Amino acid sequence: MPELPEVETVRRTLEYALSGEKIDDVILHYAKIVHEDPQYFIETLKGQTLHGIERAGKYLLFILDRHVLIVHLRMEGKFYIKSQEPLEKHEHVTIRFQSGRELRYHDVRKFGTMDLRTLENYLSSEPVSNLGPEPKDLDPHVFHQICQKKSIEIKPLLLDQTIISGLGNIYVDETLFRSHVHPTRIAHTITKDEAISLIASATYVLNKATSLGGTTIRSYTSSLGVSGKFQNELMVHMRKGSPCPVCGQAIIKMKVKGRGTYVCEHCQH
DNA sequence: ACCACCTCCTGATCGC
DNA sequence: TGCGATCAGGAGGTGG
């Protein structure tokens, strides 16, 4: 499931590979990925040149002449660069460039999304406008003040992209573990020191994972840009029954607001 | 305004 | 062994 580090890894790879390419045609094999009217989407993209790729939280932002293509990979979305090979199962969008190369969007669960915005308004309109700051840009004291007003558990708060962006289910478990905070703690019980620690842990975990190219949990055949090494660094996530790397007690798996959650009951309070 | 719950989708895994 | 049921989950929508 791509979170900030995986999306950033994809961003870097695609930007390096595709900057300067001009879009020749767009084919929607499964139109529901795209929120716009299909014909509008296709005709708007045709003829525009890709100048670069930015990222906001877990969104990829393809910067074109006049528009920005906003992509969210959700759980299993990935991109491949191909040259007119036969369409494979689960490939839902093809963007063909004048060079003959094609950017293929592949998504088994069809959960990913694509939106078009203009260069003028993409930052001030949804979905980007709804995003809170990334952990590295969030003042810990401001974060603590937000926590004090909330009666929800700390894990779902950290997953709320309007409050803090970039964390998903994997990195939130790792962040909580590093800060010794139990995922079911009610947000307003988080102390100032804990809030400071959580922001530091989230920043560290995302930076470290990004430097390792993200986390590859399911072994897919190499997805473009996403064959990271952070899975070797995971302390709790996906480690049910394994000894806690700090105290040795077995990691347990529980549900928190419907999300599979890994925790060391001895280290996290 | 806030929060719990539903929806989307398919392949993997579970239970009998 | 087979097959239906359940699970996984990010974010937007709905309804209390």
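Just so we're on the same page: letters track the sequence lines, and every chain starts at 1. Small disclaimer: the values here were computed from a predicted structure and weren't measured.
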Protein within reach of the bases, or only the backbone? For nucleotides 3-9 of chain B, mark each nucleotide 5' to 3' as B, S or -, using heavy atoms under 4.0 Å. SS---BB
Just the rounded figure in Å: distance from P of B/dT10 to CE of A/Met75. 13 Å
In whole angstroms, the gap separating C1' of C/dA11 from CD of A/Glu76 amounts to 16 Å
What is the distance from CD of A/Gln161 to P of C/dG9, rounded to the nearest Å? 15 Å
Between A/Lys58 and A/Glu3, is there a salt bridge with N-O shorter than 4.0 Å? no
Interatomic distance where CG belongs to A/Asp160 and P belongs to C/dG10 [whole Å]: 13 Å
In whole angstrom, give the distance that lies between atom CG of A/Asn169 and atom P of C/dA11. 11 Å
Whether A/His72 contacts C/dG12 is assessed here as follows: a side-chain N or O lying under 4.0 Å from the phosphate OP1 or OP2. Is that the case? no
Select from A/Thr162 and A/Gly258 the residue whose nearest nucleotide in DNA chain C is closer to the 5' end of that strand. A/Gly258
Checking A/His51 against A/Asp65: is there a side-chain donor and acceptor pair closer than 3.5 Å? yes
Could you tell me whether A/Lys82 and A/Glu102 make a salt bridge, using a distance below 4.0 angstrom between a side-chain N and a carboxylate O? no
Rounded to the Å, how far apart are A/Leu159 CG and C/dA8 P? 15 Å
Taking NZ, NE, NH1 and NH2 as the nitrogens, is one of them in A/Glu8 or A/Arg11 under 4.0 Å from a carboxylate oxygen of the other? yes
Quick one: A/Asp107 CG to B/dT10 P, roughly how many Å, whole number? 10 Å
With nearest nucleotide decided by heavy atoms, which residue, A/His35 or A/Thr261, maps closer to the 5′ end of DNA chain C? A/Thr261
Quick test of your reading of the model: are A/Lys110 and A/Glu76 salt-bridged, counting only N-O distances below 4.0 Å? no
Short side-chain donor-acceptor distance under 3.5 Å, A/Tyr122 and A/Glu54: yes
Given 3.5 Å as the limit, does a donor-acceptor pair link the side chain of A/Gln48 with the main chain of A/Lys22, or not? no
Can you tell me the distance, in whole Å, between the CG atom of A/Asp173 and the P atom of C/dG10? 11 Å
A/Lys46: what forms a salt bridge (Lys or Arg N to Asp or Glu O under 4.0 Å) with it, not counting sequence neighbours? A/Asp25, A/Glu43
For DNA chain C, determine which residues of residues 128-148 of chain A have any heavy atom closer than 4.0 angstrom to one of its atoms, and list them numerically. none
Charged N to carboxylate O below 4.0 Å: is that the case for A/Glu153 and A/Lys257? yes
